[in-house]
Amino acid sequence: MEKTFPIVLSELRKERGMSQKEAAAALGISQALLSHYEKGIRECGQSFLIKVADFYGVSTDYLLGRSTKRRELQQIAADIFRGDDFTESTGKKMVEAASIIKTAMSDGNKSEGVHLDILLAIMLYKILIVQANAGNLPKNWAGRACINGEVKCNYIYMNLIESCSVKALNPKVNPNPVPDEPIPEPIEVLVKTVEEFIAKNTLELVPPVPQEYLI
């Protein structure tokens, strides 16, 4: 059975354990108006639809019954990138850059030897291990890295993970290199953001070099 906006709106509120009065206050409308929306007596405008989608963390297509997916994969990916270092706009550029690189590599056998899926999985695994070791995630989530209730997150193990990631980044050399072409904006944003982060943190990791060695 295809769900309509009134049904979805009501279900999402109940999932949150909120009364109509509480939800209406949070959405900036009267309880009576929310009741009319949930009963299908009145139709809402686009601005309210977007507000509801943001409030419940779902897509507008899901609200309208046009999709069974609560959130689009692209938005989920953009949210992963959003944080202290990335704004929402930059996060979306990262997702676009990933799509551009993936598309560019899909031509012929350019992607042979490069496994973007496992590279992403390894990155998330490293985050999981570090955060579980720090007590910010359940330790039992760390799989084999969790031994006798403790997460092994030492230098040797982290380097072992990094060495394995190199195996997923071993491209076949192209005998006909791709020529230069205009750089897409998302790629520019990706490169600039990462290079600035590397430059900033390199200063902290690398000891000062004596002036006489810089000649």
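- Taken from CD in Glu15 to CD in Glu11, the straight-line distance is 7.0 Å, to the nearest 0.5 Å.
- Connection of Leu160 to Ile127 is not established within any shared hydrophobic cluster, with ILVMFWY side chains joined at heavy-atom distances below 4.5 Å, either directly or through further cluster members.
- Note that CD1 of Ile29 and CZ of Phe48 are 3.5 Å apart. Values are rounded to the nearest 0.5 Å.
- Counting all heavy atoms, side chain and backbone alike, Glu38 lies closest to Arg13 at OE2-NE, 2.7 Å.
- A distance of 7.5 Å separates SG in Cys146 from NZ in Lys139, rounded to the nearest 0.5 Å.
- Looking at every heavy atom in both residues, Ile183 comes nearest to Glu188 through CG2-CG, 3.4 Å.
- Considering every non-hydrogen atom in both Pro6 and Tyr37, the closest pair reads CB-O, 3.4 Å.
- Atoms CD and SG, from Gln131 and Cys153 in turn, are 9.5 Å apart once rounded to the nearest 0.5 Å.
- Counting all heavy atoms, side chain and backbone alike, Ala53 lies closest to Leu63 at N-CD1, 3.6 Å.
- Clustering ILVMFWY residues whenever any of their side-chain heavy atoms sit less than 4.5 angstrom apart, transitively, puts Leu119 in a cluster other than the one holding Leu128.
- Linking ILVMFWY residues whenever their side-chain heavy atoms come closer than 4.5 Å, directly or via other members, places Val191 and Ile198 in the same cluster.
- Within a 6.0 Å sphere centred on CD of Gln31, other residues, nucleotides and ligands contribute more than 12 heavy atoms.
- With hydrogens and angles disregarded, a donor-acceptor distance shorter than 3.5 Å links the side chain of Ser163 to the backbone of Asn159.
- Taken to the nearest 0.5 Å, the CD1 atom of Ile101 stands 5.5 Å off from the CG atom of Leu190.
- Following chains of ILVMFWY side-chain contacts shorter than 4.5 Å, one cannot reach Ile50 starting from Tyr56, and the two form parts of different hydrophobic clusters.
- Nearest approach of Met18 to Ala26, heavy atoms of both residues: CE-CB, 4.4 Å.
- Here the CG atom belonging to Leu64 is positioned 5.0 Å from the CG atom belonging to Leu49, to the nearest 0.5 angstrom.
- Under the 4.5 Å side-chain contact rule for hydrophobic residues, Leu124 and Leu137 do not share a cluster.
- With salt bridges taken as basic N to acidic carboxylate O contacts below 4.0 Å, none links Arg16 and Glu22.
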Practice prompt. Check step by step if side-chain contact (heavy atoms from CB on, under 4.5 Å) holds for Met158 and Val130.
Written response: CA-CA 9 Å; Met158 297 305 287; Val130 170; 3.8 Å; yes
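- Ile147 and Lys152 make their closest contact through CD1-CG, 3.9 Å (heavy atoms, listed as atom of the first residue, atom of the second, distance).
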